[in-house]
*Asks:* 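Have a look at the structure that comes next, please.
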Amino acid sequence: MKITELEPLTTSPVTPRTGISMKALVYHGPGKRAWEDKPRPSIESPDDAIVRVTTGTICGTDLHILKGDLPSVTEGRILGHEGIGVIEQVGAGVSEFHVGDKVIISCITACLKCDFCRRGMYSHCRNGGWILGNTIDGTQAEYVRIPHADGSLHGFPAGGDEEALVMLSDILPTGFECGVLNGQVKPGDTVAVVGAGPVGRVVMLTAQFYSPAAIFLIDLDDKRLAVAKLLGATTVINSSNGQAADQVLKLTEGAGVDVAIEAVGIPATFDICQAIVGRADG
Ligand SMILES: [Zn+2]
Ligand SMILES: [Zn+2]
């Protein structure tokens with residue numbers, strides 16, 4: 001199912017707003033979501049914070065959920081795992097944040113105490129990880145409950161731009177950490193990025209910290225490719241003719257690229273990456 005096949009957004013009948021209700025985007029199974037009234041969240045554990053969301057964004061993951069790709073997300077779940085907000089309430093165990101603080105919400109909830117958190121592997125936190133908008137209610141709402149607030153929120157810098165800094169919730173760290181750092185981009189490398197959406201652009205921008213020799217940006221959309229070219233792609237390739245992998249192999253004289261980074265999340269783009277990644281010595 002394509003996202004364009006979603007049912008029209010429905011809203012619940014307008015009900016008088018009380019002190020405990022809020023609006024939220026709620027998942028109701030594949031292709032179905034509604035903007036409706038839900039109870040406001042409350043503190044459930046001493047290390048929780050309640051955040052009033054002021055800026056949010058939509059992730060490709062939300063689109064996967066709406067296509068029905070993630071069975072962990074069940075009917076009635078409030079979507080969203082990215083956002084900026086202001087703390088409304090904190091539990092007695094929260095020490096780093098206070099009511100009124102403006103914060104960046106991490107898409108990853110981290111308890112800071114389990115073995116994985118202590119190894120810096122927060123997305124594998126035994127008491128968190130990616131749970132917002134997945135197994136607990138998320139940020140596409142007026143208010144959200146953030147468990148393990150001390151490890152799951154970041155202070156918002158004074159004078160910061162909310163629309164820019166919301167990229168730090170997920171998009172920038174995903175592109176940089178999962179793509180560029182895990183891909184071990186090195187000076188002189190050839191790097192291919194499949195997907196020129198926000199995550200692919202972050203990969204392309206942050207790969208440049210490591211002075212690669214070439215960055216190939218592959219996408220179906222010429223407008224996105226034009227932006228990629230402005231931001232530093234050395235070669236852009238429109239994959240709509242099904243020839244992208246062949247073109248990359250031709251450009252690398254059959255060797256393939258040193259690093260191939262997938263930034264879309266569908267089988268066709270994984271296939272391109274597998275076809276173009278070169279041999280490694282490690
Ligand atoms: Zn996301
Ligand atoms: Zn943990």
Side-chain angles (χ1 to χ4, degrees), residues 3 24-27 33 44-49 51 53-70 72-73 77-85 91 93-97 103-141 144-154 162-182 193-206 261-266 269:
I3 201 68
L25 188 69
V26 181
Y27 176 71
R33 77 279 192 247
E44 294 178 17
S45 167
D47 60 357
D48 286 351
V51 176
V53 179
T54 53
T55 296
T57 187
I58 299 169
C59 183
T61 300
D62 298 318
L63 306 183
H64 279 299
I65 293 169
L66 286 166
K67 284 193 259 180
D69 291 347
L70 282 105
S72 56
V73 184
R77 175 69 61 231
I78 298 174
L79 295 171
H81 52 266
E82 309 177 13
I84 306 280
V94 176
S95 59
E96 300 300 314
F97 298 99
V103 290
I104 299 168
I105 299 165
S106 171
C107 64
I108 298 296
T109 300
C111 77
L112 305 183
K113 292 175 181 166
C114 74
D115 50 342
F116 287 116
C117 280
R118 288 184 170 224
R119 290 160 66 187
M121 298 165 66
Y122 307 113
S123 60
H124 294 275
C125 173
R126 291 186 189 275
N127 306 304
W130 174 46
I131 55 174
L132 282 177
N134 178 7
T135 56
I136 67 169
D137 284 337
T139 55
Q140 287 169 10
V144 60
R145 180 179 70 89
I146 304 296
H148 310 298
D150 281 337
S152 311
L153 297 172
H154 298 273
E162 291 196 20
E163 288 197 10
L165 291 178
V166 75
M167 299 296 151
L168 295 177
S169 275
D170 178 0
I171 294 166
L172 191 138
T174 293
F176 179 55
E177 295 176 16
C178 303
V180 174
L181 293 186
N182 284 350
V193 185
V194 182
V199 173
R201 285 181 209 174
V202 163
V203 170
M204 187 184 61
L205 287 169
T206 58
I261 297 176
E262 199 286 326
V264 181
I266 59 172
T269 49

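Whatever order the structure lists ligands and atoms in, that order sets their numbers, starting from 1. The residues of the chain are indexed from 1 along the displayed sequence.
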*Asks:* Tell me yes or no: between the side chains of Glu82 and Thr57, is some donor less than 3.5 Å from an acceptor?
*Replies:*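 Per modelled atom types, Glu82 and Thr57 side chains form no pair under 3.5 Å.
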
*Asks:* Go through the steps to decide whether Val202 and Met167 satisfy the test side chain to side chain contact (heavy atoms under 4.5 Å, CB included), and finish with yes or no.
*Replies:* CA-CA 10 Å; Val202 163; Met167 299 296 151; over 6 Å; no

*Asks:* For residues His81 and Asp170, is any side-chain donor paired with an opposing acceptor at under 3.5 Å?
*Replies:*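 Yes, a side-chain donor-acceptor pair sits under 3.5 Å.
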
*Asks:* Assess the residue pair Arg77 and Asp137 against the criterion (salt bridge (charged side-chain N to carboxylate O under 4.0 Å, His left out)); give the C-alpha distance rounded to whole Å, side-chain angles, the decisive distance to 0.1 Å, and a yes or no.
*Replies:* CA-CA 6 Å; Arg77 175 69 61 231; Asp137 284 337; 3.0 Å; yes

*Asks:* Could you grab the protein N, O or S atoms closer than 2.8 Å to the Zn ion (ligand 1) for me?
*Replies:*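 Metal shell, protein only: Cys59 SG, His81 NE2, Glu82 OE2, Asp170 OD2.
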
*Asks:* Roughly how far, to the nearest 0.5 Å, is CD1 of Ile146 from CZ of Phe97?
*Replies:* 10.5 Å

*Asks:* Which heavy atom in Ile104 sits nearest to a heavy atom in Ser169, and how many Å separate them?
*Replies:* CG2-OG, 3.9 Å

*Asks:* Regarding Glu162 and Thr55, is there a side-chain donor-to-acceptor distance under 3.5 Å anywhere?
*Replies:* yes

*Asks:* Are Arg126 and Asp115 ion-paired here, with the side-chain N under 4.0 Å from a carboxylate O?
*Replies:* yes

*Asks:* Ignoring water, what protein N, O or S atoms are under 2.8 Å from the Zn ion (ligand 2)?
*Replies:* Cys111 SG, Cys114 SG, Cys117 SG, Cys125 SG

*Asks:* Give a yes or no on this: more than 12 heavy atoms of other residues, nucleotides or ligands lie within 6.0 Å of atom CG of Leu181.
*Replies:* yes

